[in-house]
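Here is the structure we will look at, set down as structure tokens.
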Amino acid sequence: MIDFILSTIENVEQRNELQVFYAENYKRFMYIAMQKVNDVDNAADVIQEVFSDIADKPEIFFNVPREERVTFVDILVRNTAIGTFKKELNRTSKLEVLDEDMVDKSVRIEDDMITKNTREELIKYILTLPEQQRTVYKLRVIIGLSISEIAEQLEISTETVNWHLKTARKNIRNFIDERNKCNE
């Protein structure tokens, strides 16, 4: 698909240079996109979108000094991935409910502390956390966003993010402790 996208660039020299640039940096761009969207297909779509934009206006890319081009595209990939993530957030009603598979991934952190039955109860418990706690917990633990990225995504302060995360973790630990007491 990338060959088709790049074939739209009329200048053959620019097209060839961009193809080499793409091949040399693809893994790097995938890594950056994966950090934001946490899905291989979505990450590949992000990179495809970035290079499609570059192919539409190659003069912007080629006006960037050669030694700064990787950083320039890194930023494009990051911003496009964040935009994709925001669209996904909006599409799922600001993470109104975590699906069980997503919560299941976060629970693996505490696997050594709980039994299988308690684990299932923990998943259900996480789904009952207040919306902000659930959302912040998911973005930090499951998606892997930084505190500042979460604050930016949710349009709240980093202090508020830290408070919600701390409270969610405290509630989860308390739940696990209570379950462990019951199982003794």
Side-chain angles (χ1 to χ4, degrees), residues 1-9 14-58 60-61 64 68-112 119-120 122-124 126-127 129 131 133-155 161 164-165 168-169 172:
M1 184 65 164
I2 193 67
D3 291 331
F4 175 75
I5 291 170
L6 297 179
S7 70
T8 61
I9 299 173
Q14 286 181 343
R15 183 179 336 135
N16 291 339
E17 186 175 341
L18 200 50
Q19 283 175 324
V20 169
F21 177 83
Y22 172 87
E24 289 175 347
N25 296 289
Y26 177 78
K27 288 181 182 178
R28 174 190 181 104
F29 300 145
M30 274 298 283
Y31 176 78
I32 292 168
M34 281 293 295
Q35 288 181 317
K36 305 299 176 203
V37 297
N38 208 27
D39 177 81
V40 173
D41 292 333
N42 286 343
D45 290 345
V46 164
I47 294 169
Q48 184 174 327
E49 183 178 338
V50 166
F51 278 87
S52 179
D53 291 345
I54 291 171
D56 286 344
K57 296 184 179 177
I60 295 172
F61 175 81
V64 173
E68 295 176 16
R69 288 180 183 165
V70 172
T71 303
F72 174 73
V73 177
D74 284 352
I75 293 167
L76 292 176
V77 169
R78 179 185 171 278
N79 290 345
T80 303
I82 289 171
T84 299
F85 181 74
K86 280 183 178 179
K87 287 176 193 169
E88 185 64 24
L89 275 179
N90 291 334
R91 192 176 67 84
T92 59
S93 303
K94 292 267 183 187
L95 300 172
E96 199 169 281
V97 178
L98 294 174
D99 65 29
E100 195 166 307
D101 291 339
M102 298 289 281
V103 174
D104 192 48
K105 291 177 187 175
S106 70
V107 174
R108 290 184 194 130
I109 297 168
E110 290 91 2
D111 267 351
D112 58 310
R119 186 170 183 268
E120 291 171 5
L122 179 59
I123 291 170
K124 290 177 185 173
I126 291 172
L127 292 171
L129 288 173
E131 182 180 353
Q133 288 179 28
R134 248 191 353 254
T135 301
V136 168
Y137 186 79
K138 176 188 178 199
L139 293 174
R140 181 71 179 136
V141 176
I142 300 169
I143 305 295
L145 295 180
S146 71
I147 299 299
S148 60
E149 289 171 326
I150 295 169
E152 180 183 327
Q153 294 293 323
L154 299 178
E155 299 176 350
V161 171
H164 285 304
L165 184 60
R169 285 179 171 162
I172 291 168

Checklist entry - Taking only residues two or more places apart in sequence, or in another chain, which ones meet S146 in a side chain to side chain donor-acceptor pair (under 3.5 Å)? => result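 S146 satisfies side chain to side chain donor-acceptor pair (under 3.5 Å) with S148, E149 once adjacent residues are dropped.
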
Would you compute the distance between atom [atom1] of [X] and atom [atom2] of [Y] and round it to the nearest 0.5 angstrom?
X    : Y    : atom1 : atom2 : answer
D53  : Q48  : CG    : CD    : 11.0 Å
L76  : T71  : CG    : OG1   : 11.0 Å
I54  : T8   : CD1   : OG1   : 11.0 Å
D74  : N25  : CG    : CG    : 7.5 Å
F29  : T80  : CZ    : OG1   : 11.5 Å
R134 : L127 : CZ    : CG    : 7.0 Å

Quick one: closest heavy-atom pair of [X] and [Y], and the distance?
X    : Y    : answer
M30  : A44  : SD-N, 3.8 Å
V37  : A81  : CG1-O, 3.6 Å
Y137 : L165 : CA-CD1, 4.1 Å
R140 : R169 : CG-NH2, 4.1 Å

Cut-off 3.5 Å, no hydrogens considered: what does the side-chain donor-acceptor table look like for residues 14-21, sequence neighbours left out?
| unit_1 | atom_1 | unit_2 | atom_2 | d |
| --- | --- | --- | --- | --- |
| R15 | NE | I9 | O | 3.0 |
| R15 | NH2 | I9 | O | 3.0 |
| N16 | ND2 | V12 | O | 3.4 |
| E17 | OE2 | R66 | NH1 | 2.5 |
| E17 | OE2 | R69 | NH1 | 2.6 |

Checklist entry - Do side-chain atoms of S52 reach the backbone of E49 as a donor and acceptor pair under 3.5 angstrom? => result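 Answer holds: no.
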
Checklist entry - Do V73 and Y22 come close enough that some side-chain heavy atom pair is under 4.5 Å? => result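 A side-chain contact is absent here, since even the closest heavy-atom pair is not under 4.5 Å.
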
